[in-house]
Amino acid sequence: MSADSFLRRMMRRTGVAVLFAAVGSGLWYMQEREVRDRLSWQGVPTWAELTPLSLHRVLRNDGYLLGWSDIRVSPLWVSYALQAVDDPQAGERPGFRRDWRTLWPLKPDSYAHSGYDRGHLAPNYAIAAVHGRAAQRDTFLMSNMTPQRPDLNRRLWQRLEEVVMDRFVPRFGRLRVITGPIFDDEFFFSGVMERAGLVEVPEAFYKILIVPGAQPRALAFIMPQNVSGDEPLDRYLVSIDDVEARTGLDFFPQLSASAAEALEAGVQTQGWNLDEVARLPSRF
DNA sequence: TTTCGTGT
């Protein structure tokens with residue numbers, strides 16, 4: 001074979017490889033976009049200002065997306081969709097599992113004896129009931145956990161998750177949920193923040209509920225760590241703008257400015273029938 | 001039916 005024909009063959013092969021790479025990344029992009037559209041609403045959260053603390057990468061799971069911060073050693077948000085199902089059921093709770101994608105060695109016992117629960121962001125019961133067993137197992141990845149005080153995790157937060165799945169989802173048919181921790185930046189920079197193992201302890205947690213549609217509805221909560229668990233849920237209502245101010249995240253980046261203003265600036269409780277659900281007793 | 005930790 002002459003050097004000339006070898007060179008031409010290599011160029012042909014390179015051309016094919018470049019073509020495959022282009023088509024392949026195009027396919028990846030379309031698939032990724034399809035998954036993000038299915039699991040989020042009006043775009044996944046992004047950072048309002050690019051700082052190391054708001055930087056995160058998106059981990060895809062069965063049934064939910066998660067924004068992972070390598071510098072916080074924590075998830076910053078999870079996003080998932082819930083819909084009404086005929087006979088909601090969850091299988092037996094699977095075990096907590098390490099998530100190797102985080103790189104950090106977060107093991108199931110990483111915050112044992114810390115006084116904090118391993119609190120799910122994407123919840124076990126609702127995800128399992130709507131998305132099935134594989135999705136349920138993914139909610140037990142340690143990347144989905146944040147340290148939560150027991151009275152919050154098992155009582156107030158549990159009551160909120162129960163109301164979401166048992167009341168709001170049947171009422172509206174479909175719901176998009178974004179939830180995550182809130183940290184105190186001053187403590188991060190001073191280095192004196194409380195940790196559970198490697199993990200910085202959040203000072204509070206937010207949950208944003210969206211009813212999609214031509215006239216979308218939204219409800220948002222911020223709940224602090226120190227609660228007794230019996231407080232009325234509506235005591236913790238906030239606007240989405242409040243959540244953005246506390247987290248540095250930009251939710252629903254694809255919304256137009258006017259739609260964002262209408263949805264995010266205030267607290268609109270009409271239609272949610274909070275009177276019926278805010279004071280339901282704790283199960284635990 | 002829905003959360004967990006601890007000790008055995």
Side-chain angles (χ1 to χ4, degrees), chain A residues 61-64 74-75 78 80-99 106-181 194-199 201-202 204-207 209 219 221 223-233 236 274 276-284:
Chain A
N61 293 310
D62 206 328
Y64 71 102
S74 173
V78 299
Y80 53 95
L82 298 177
Q83 70 233 22
V85 291
D86 287 339
D87 181 24
Q89 281 191 32
E92 195 179 333
R93 288 168 68 94
F96 291 90
R97 282 157 48 222
R98 182 163 175 188
D99 185 344
L106 299 174
K107 292 177 287 181
D109 65 354
S110 275
Y111 34 105
H113 305 286
S114 68
Y116 289 94
D117 281 3
R118 296 169 291 191
H120 285 65
L121 290 183
N124 165 41
Y125 175 74
I127 294 278
V130 175
H131 298 287
R133 183 67 180 168
Q136 180 184 26
R137 274 196 295 270
D138 278 359
T139 70
F140 279 80
L141 290 166
M142 287 303 291
S143 50
N144 186 42
M145 301 303 150
T146 48
Q148 283 187 330
R149 296 243 77 120
D151 283 339
L152 176 64
N153 184 39
R154 305 175 196 185
R155 294 165 60 77
L156 189 67
W157 195 258
Q158 194 282 331
R159 285 169 53 218
L160 176 58
E161 289 182 339
E162 182 166 332
V163 163
V164 168
M165 187 57 194
D166 291 355
R167 307 291 181 123
F168 295 154
V169 169
R171 174 188 304 275
F172 298 114
R174 307 182 65 80
L175 220 54
R176 304 291 184 136
V177 186
I178 300 184
T179 197
E194 185 164 6
R195 289 182 175 276
L198 286 168
V199 181
V201 175
F205 299 86
Y206 66 89
K207 188 178 289 290
L209 309 172
L219 210 59
F221 300 84
M223 293 180 170
Q225 290 275 18
N226 289 311
V227 296
S228 74
D230 297 315
E231 296 87 347
L233 300 177
Y236 302 98
L274 291 173
E276 295 175 8
V277 300
R279 290 160 201 280
L280 290 172
S282 179
R283 183 183 289 270
F284 301 102

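Chain identifiers are assigned alphabetically (A, B, ...) following the order of the sequence lines, protein sequences preceding nucleic acid strands; residue numbering begins at 1 within each chain.
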For the pair made of [atom1] in [X] and [atom2] in [N], what is the distance, rounded to whole Å?
X      : N     : atom1 : atom2 : value
A:M223 : B:dT3 : CE    : P     : 16 Å
A:D166 : B:dT1 : CG    : C1'   : 9 Å
A:R159 : B:dC4 : CZ    : C1'   : 17 Å
A:M142 : B:dC4 : CE    : P     : 11 Å
A:D109 : B:dG7 : CG    : P     : 14 Å
A:R154 : B:dT1 : CZ    : P     : 19 Å
A:H120 : B:dC4 : NE2   : C1'   : 10 Å
A:F140 : B:dT3 : CZ    : P     : 7 Å

Examine distances only and state if a side-chain atom of A:R155 and a backbone atom of A:F284 form a donor-acceptor pair shorter than 3.5 Å. yes
Quick check against the 3.5 Å criterion: does A:Q225 have a side-chain atom that pairs as donor or acceptor with the backbone of A:P202? yes
Under 4.0 Å, heavy atoms only, any strand: does [X] hit a base, just the sugar-phosphate, or nothing?
X      : answer
A:E162 : base
A:R118 : sugar-phosphate
A:P123 : nothing

With a 4.5 Å cut-off on side-chain heavy atoms, are A:P75 and A:N144 touching? no
Kindly indicate whether the side chain of A:V277, heavy atoms from C-beta on, has any atom under 4.5 Å from the side chain of A:F168. yes
Looking at B:dT6, B:dT3, B:dC4, which one has an atom nearest to any side-chain atom of A:A112? B:dT6
Of A:G119 and A:P88, the one whose closest DNA chain B nucleotide lies more 5': A:P88
Using heavy atoms to find the nearest nucleotide of DNA chain B for A:N153 and A:A90 separately, return the residue whose nucleotide is more 5′. A:A90
Identified ring-ring contact (aromatic ring centres under 6.0 Å, His included) counterpart of A:H120 within the set A:F140, A:F205, A:W157: A:F140
Hey, is the side chain of A:R155 poking within less than 4.0 Å of OP1 or OP2 on B:dT3, counting only N and O atoms? no
Can you check whether A:H113 has a side-chain N or O nearer than 4.0 Å to OP1 or OP2 of B:dG5? no
